[in-house]
Novice: 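Shown below is the structure under consideration.
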Amino acid sequence: MNASISRGLWAVGAVSSVMIALVSYRYFIPSIPEPSNVTGNLMARPWLLVHAGLAATALLTGPWQFLPRLRARAPRLHRWLGRIYIFSCVVGGTGGLLLASGATAGPIARAGFGLLAVVWLVVNLQGLRLAMTGRYAEHRQWMIRSFALTFGAVLLRVYIPISQMMGIEFMTAYRAISWLAWVPNLIVAELYLRSPPRRKPVPAAA
Ligand code: HEM
């Protein structure tokens, strides 16, 4: 992929991730009412706060990990952000799994969110194991898969208003989006990881 396209995609991804993360921390402000479809979740107490707080932290810390300059110039910062990211994914993902079991949207949404939570946990633990054993090339690949899943939280919040604008009934859309928010991301991440490595342009001969 062209370097300026990938920089542009990174910027759009980082800005939207930070925005959705900051909006998600609203659950910690008692005066802001929670949406009824979420408070109806059988596992909302206490898991909604655990999940929303930590999963939002994963979204906030993840994008910077893909900046090669930051990794090279501040490796300690990369490691600390990485620890916070993985902890947030693993504990926030456990909360997501419990919330999935109590989702009011029925078995299709429970399965979509539940499988996402399991895959999120497995991918992050694999990424952590590879970093701890010094297998950094593979660690990078698994963390790309991880953030493709984390970014599903942004896409879910883009697809819901789009589906409403298209006039699709909310629950029908929500059930489909519990899968559409992450399965295509994983396929795109896989295609990216399998694409030939980018080469620097060879300067023209004088
Ligand atoms: C990637 C794995 C994730 C899974 C499996 C997951 C699962 C869930 C489930 C099952 C619910 C309850 C939905 C319902 O009852 O209908 C929920 C709600 C929520 N999740 Fe996640 N989630 C994930 C990632 C994230 C991320 C990265 C964020 C960061 C912003 C996030 C933030 C929230 C918030 C704020 C809610 C409350 C509902 C809302 O305000 O939209 N989740 N999640």
Side-chain angles (χ1 to χ4, degrees), residues 1 3 5-25 27-28 47-100 113 115-157 181-195 197-198:
M1 194 189 294
I5 295 179
S6 59
R7 266 199 292 271
L9 285 176
W10 178 86
V12 171
V15 169
S16 56
S17 296
V18 170
M19 278 165 53
I20 295 293
L22 295 178
V23 168
S24 299
Y25 288 130
Y27 285 94
F28 290 89
W47 295 107
L48 185 58
L49 280 187
V50 173
H51 171 71
L54 286 172
T57 304
L59 210 46
L60 202 60
T61 48
W64 324 106
Q65 299 298 81
F66 296 101
L67 291 175
R69 268 193 213 163
L70 186 96
R71 285 203 304 272
R73 290 187 189 168
R76 275 167 59 87
L77 179 63
H78 175 79
R79 276 199 285 272
W80 271 106
L81 284 178
R83 285 179 191 125
I84 297 169
Y85 175 84
I86 299 239
F87 175 82
S88 302
C89 290
V90 171
V91 184
T94 307
L97 184 58
L98 293 164
L99 285 173
F113 287 129
L115 190 61
L116 166 60
V118 172
V119 177
W120 208 35
L121 290 172
V122 170
V123 165
N124 279 295
L125 290 174
Q126 174 74 342
L128 175 66
R129 188 180 69 84
L130 291 163
M132 288 173 72
T133 50
R135 290 159 65 182
Y136 297 117
E138 292 162 87
H139 164 69
R140 175 185 164 271
Q141 294 181 343
W142 283 90
M143 295 323 290
I144 287 173
R145 291 182 181 111
S146 164
F147 199 72
L149 295 170
T150 309
F151 196 69
V154 174
L155 294 181
L156 178 129
R157 286 156 184 88
W182 63 277
V183 176
N185 316 2
L186 215 46
I187 296 172
V188 171
E190 228 36 66
L191 292 175
Y192 171 75
L193 290 171
R194 278 151 213 260
S195 63
R198 201 173 66 215

Novice: Taking His139 for its side chain and Leu130 for its backbone only, find out whether a donor-acceptor pair lies under 3.5 Å.
Specialist: no

Novice: Is there a donor-acceptor pair under 3.5 Å between the side chain of Gln141 and the backbone N or O of Leu193?
Specialist: no

Novice: Going by heavy atoms in the side chains, are Ile86 and Met143 under 4.5 Å from each other?
Specialist: yes

Novice: Mind listing the closest non-hydrogen atom pair of Cys89 and Asn124 along with its distance?
Specialist: CB-ND2, 3.3 Å

Novice: State, yes or no, whether a side-chain contact exists between Leu155 and Trp182 at a heavy-atom distance under 4.5 Å.
Specialist: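 No; the side chains remain at least 4.5 Å from each other.
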
Novice: Report the distance from atom OG1 of Thr94 to atom CG of Leu99, rounding to the nearest 0.5 Å.
Specialist: 11.0 Å

Novice: Taking Leu186's backbone N and O only, do any of them form a donor-acceptor pair with Arg145's side chain (distance below 3.5 Å, no angle check)?
Specialist: no

Novice: Could you tell me the separation between the CG atom of Leu59 and the CG atom of Leu54, rounded to the nearest 0.5 Å?
Specialist: 12.5 Å

Novice: Is any side-chain heavy atom of Tyr85 less than 4.5 Å from a side-chain heavy atom of Thr57?
Specialist: no

Novice: Rounded to the nearest 0.5 Å, what's the gap from CG on Leu77 to CG on Leu70? Could you check?
Specialist: 5.0 Å

Novice: Rounded to the nearest 0.5 Å, what separates atom CG in Leu116 from atom CG in Asn185?
Specialist: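 If we round to the nearest 0.5 Å, Leu116:CG and Asn185:CG are 9.0 Å apart.
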
Novice: Around Tyr192, counting heavy atoms of other residues, nucleotides and ligands shown, do more than 12 lie under 6.0 Å from its OH?
Specialist: no

Novice: Which atom names give the shortest non-hydrogen contact between Ala153 and Arg157, and what distance separates them?
Specialist: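 In this case the closest contact between Ala153 and Arg157 is O-NH1, 2.7 Å.
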
Novice: Side chains of Val50 and Val91, heavy atoms from C-beta outward: is any pair under 4.5 Å?
Specialist: yes

Novice: Please name the pair of heavy atoms, one in Ala56 and one in Ala21, separated by the smallest distance, quoted to 0.1 Å.
Specialist: O-CB, 3.3 Å

Novice: Counting only heavy atoms not in Phe87, do more than 12 fall under 6.0 Å of its CZ?
Specialist: no

Novice: Measure across Ala3 and Ser6 and return the closest heavy-atom pair with its distance rounded to 0.1 Å.
Specialist: O-OG, 3.1 Å

Novice: Looking only at non-hydrogen atoms, find the nearest pair between Pro75 and Ala72 and report the distance.
Specialist: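 Nearest pair, atom of Pro75 first, then Ala72: CD-O, 3.7 Å.
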
Novice: Checking Arg7 against Trp10: charged group under 6.0 Å from the ring centre and within 45 degrees of the axis?
Specialist: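 Arg7 over Trp10 ring: no.
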
Novice: How far does CZ of Phe147 sit from CD1 of Ile144, to the nearest 0.5 angstrom?
Specialist: 11.5 Å

Novice: Phe113 versus Leu156: any side-chain heavy-atom pair under 4.5 Å?
Specialist: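 Contact flag for Phe113/Leu156 side chains = yes.
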
Novice: Does Leu97 reach the side chain of Trp120, with side-chain heavy atoms less than 4.5 Å apart?
Specialist: no

Novice: With rounding to the nearest 0.5 Å, note down the distance linking CZ in Arg140 to CD in Gln65.
Specialist: 13.5 Å

Novice: Heavy atoms only: give me the nearest Ala117-Gly96 pair and the separation to one decimal.
Specialist: CB-C, 4.2 Å

Novice: Any donor-acceptor pair under 3.5 Å linking the side chain of Thr150 with the backbone of Ser146?
Specialist: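 Yes, Thr150 side chain to Ser146 backbone: donor-acceptor pair under 3.5 Å.
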
Novice: If we ignore hydrogens and angles and just use 3.5 Å, is the side chain of Arg135 paired with the main-chain N or O of Ala131 as donor and acceptor?
Specialist: no

